[in-house]
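Here is the structure we will look at.
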Amino acid sequence: MEENAEKIATEQFVKCGDKKLRCGFTTGSAAAMAAKAAAIAAFSGTFPHFSRLVTPKGFVAISEVEAIFLQKGKIASCKVQKDGGDDEDATNGINIIATVELFAGEIEKIEILGGNGIGIITKDGFEQKKGEYAINRVPRKMIFDEVRSVIKENDFLGKVLVKIEAEGGEEIAKKTFNPKLGIKGGISILGTSGVVEPMSEEALKSAIALEVRVALAQQKGKIRSLIITPGNIGEDFAKKIPALQNVPIVVCSNFISHALDEAQNLGATHLFLIGHAGKLVKIAGGIWNTHSHVADCRMEIIASHAALTSFSKIEQNDIARILSCATVDGAFDILSETESEKATVKSIIRESCAKIKQRTKNTKVALLFFTLIRGEIGRSANFDSMLAEIEI
């Protein structure tokens, strides 16, 4: 920890392939640094040029401080710009404003509120309650700890009100998950480590887990259903199924197993996994991260199931042609020529369901495969019966 604490968050790097990407600091770190600087100014009458803190990860974050308003002994306001490093997050470069106001009294109290540009929670399932500002638990603690260290140094007794705002937060929030999650009017103050790691899989997994939790928290009945899909085209396809109009959708990117595990752990009863066959056929091969850089085997899976189920129709040359295809639609063209498509898809879906069942023993899961060219190409045997169950 001592060694890490000498490092600066903005001078940390992670490797992504052959690239060396610079880390940054979160909106939570920016808010805490701004709050610390504002507290120092309120007591001393002078703004510090820089603000510094040790992040929960153990790295030091440092940022320039821009002064906004000051009345010594009463109130100070300043801003810190979030530096996301080489991460392409929508909030990179946003100015986080902290205003610290002092009220003399007999009891120490630090109150943290949000303001302009900070979202308000409108649904259950978050760390904060409905109606509260979207300032998560770890950033709240960071803000509290930094401000408290300043008031202790100044032997202050009384109430300290800390207000966090974000310049342009309402517009920037439209580029984030917040509107879909039910956080209205601004961004969230986030970060469990205080450090932004570019291309971080853990950050994406955390976002997926949160979306699953919020979606399920809205459902109070015995049936708690969810649609899981790898991407936007799957989301668009699912929205066209009338019986699923009221079922929330979670886009899980390549992390299918993570979304399934989170949903089961959080009490989902019915899961509809809907996606492009180019992604979902991989499940039949036990491939749970569907990114092509992790594993492919689409054609090997299609070819093996074609050979298994349609050996009387398909020839060795056809299997070789499938293995040389670049897309699943190309492979299905060959299966259509040999009248093998229906049996092959049925076999792949059946095997995919078997693999999923091993992970989600307490949750019903139905599958639907499609391609952009063919539309729906197959669904699991239990798909329609599960639709009937959620309509009851």
Side-chain angles (χ1 to χ4, degrees), residues 25-53 55 61-83 91-105 107-121 127-129 131-173 178 183-191 194:
F25 53 79
T26 61
T27 50
S29 289
M33 284 190 284
K36 180 180 183 179
I40 291 171
F43 284 109
S44 69
T46 304
F47 282 99
H49 295 297
F50 294 89
S51 189
R52 173 188 186 277
L53 59 78
T55 64
I62 297 177
S63 178
E64 289 185 275
V65 174
E66 183 178 339
I68 298 177
F69 176 80
L70 174 61
Q71 186 176 356
K72 184 179 178 181
K74 290 189 177 182
I75 187 170
S77 181
C78 67
K79 69 174 73 170
V80 163
Q81 186 177 61
K82 178 195 170 182
D83 178 359
T91 62
N92 189 29
I94 192 171
N95 287 317
I96 304 298
I97 300 168
T99 301
V100 170
E101 191 168 2
L102 309 178
F103 301 88
I107 300 174
E108 178 188 302
K109 182 180 180 181
I110 299 173
E111 185 177 356
I112 301 169
L113 299 175
N116 293 333
I118 305 299
I120 294 176
I121 294 166
E127 290 182 357
Q128 311 303 322
K129 296 178 181 178
E132 293 185 354
Y133 285 98
I135 304 174
N136 277 13
R137 176 180 55 82
V138 173
R140 278 181 183 274
K141 185 178 186 303
M142 292 171 67
I143 295 166
F144 181 93
D145 289 346
E146 295 303 320
V147 171
R148 191 166 191 267
S149 70
V150 177
I151 67 176
K152 286 296 183 184
E153 289 175 2
N154 289 274
D155 297 321
F156 178 79
L157 194 61
K159 177 181 175 180
V160 179
L161 179 63
V162 183
K163 183 167 74 171
I164 304 298
E165 299 175 281
E167 285 188 351
E170 187 169 359
E171 283 301 311
I172 291 172
N178 278 13
I183 300 174
K184 306 296 184 183
I187 67 165
S188 299
I189 301 298
L190 301 171

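Position 1 is the first residue of the sequence, and the numbers go up from there.
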**Study point:** Side-chain touch Leu190/Thr26, heavy atoms, less than 4.5 angstrom
**Key:** no
Exercise for review: Kindly indicate whether the side chain of Phe25, heavy atoms from C-beta on, has any atom under 4.5 Å from the side chain of Ile62.
Suggested key: no
Review point. Can you tell me how far NZ of Lys141 sits from CG of Asn136, rounded to the nearest 0.5 angstrom?
Key: 15.0 Å
Practice item. May I have the step-by-step check of side chain to side chain donor-acceptor pair (under 3.5 Å) for Ser188 and Asn178, ending in yes or no? Key: CA-CA 8 Å; Ser188 299; Asn178 278 13; 3.1 Å; yes
Check your understanding: Is any side-chain heavy atom of Tyr133 less than 4.5 Å from a side-chain heavy atom of Ile189?
Key -> no
Review point. Where is the tightest heavy-atom contact between Gly169 and Ile187, given as atom of each residue plus distance?
Key: O-CG2, 3.5 Å
Check your understanding: Could you state the interatomic distance from CD (Glu146) to CZ (Arg52), rounded to the nearest 0.5 Å?
Key -> 9.5 Å
Review point. Going from OG1 on Thr27 to NZ on Lys82, what distance comes out if it is rounded to the nearest 0.5 angstrom?
Key: 5.5 Å
Review point. Counting N and O atoms only, with roles assigned by atom type, does the side chain of Ser77 sit under 3.5 Å from a partner on the main chain of Phe69, one being a donor and the other an acceptor?
Key: no
Point to revise | Heavy-atom closest pair, residues Phe156 and Phe103 | key: CZ-O, 3.5 Å
Revision key, fill the gap. d(Lys163 NZ, Thr99 OG1) to nearest 0.5 Å is 5.5 Å
Study note, to complete from the structure: Nearest heavy-atom approach of Leu70 to Gly45 is CD2-O, 3.0 Å
Check your understanding: Backbone N or O of Gly93 within a donor-acceptor pair of the Gln81 side chain at under 3.5 Å?
Key -> yes
Point to revise | Side chains of Gln128 and Ile135 in contact at under 4.5 Å (non-hydrogen atoms) | key: no
Point to revise | Test side-chain hydrogen bond (donor to acceptor under 3.5 Å, both in side chains) applied to Lys152 - qualifying residues, sequence neighbours left out | key: Glu108
Practice item. Using a cut-off of 6.0 Å, state whether more than 12 heavy atoms not belonging to Glu101 lie near its atom CD. Key: yes
Practice item. For atom CD of Glu111, decide whether the heavy atoms of other residues, nucleotides or ligands shown that lie under 6.0 angstrom number more than 12. Key: yes
Point to revise | From Leu53, Ile110, Ile112, residue fulfilling side chain to side chain contact (heavy atoms under 4.5 Å, CB included) relative to Ile143 | key: Ile112
Practice item. For Ala31 and Ala98, work out which heavy atoms get closest and say how close. Key: O-CB, 4.4 Å
Review point. Is Glu127 close to Arg140 at the side-chain level, that is, under 4.5 Å between some pair of heavy atoms?
Key: no
Exercise for review: Grab the two heavy atoms, one from Cys78 and one from Ala38, that are nearest each other, plus how far apart they are.
Suggested key: SG-N, 3.7 Å
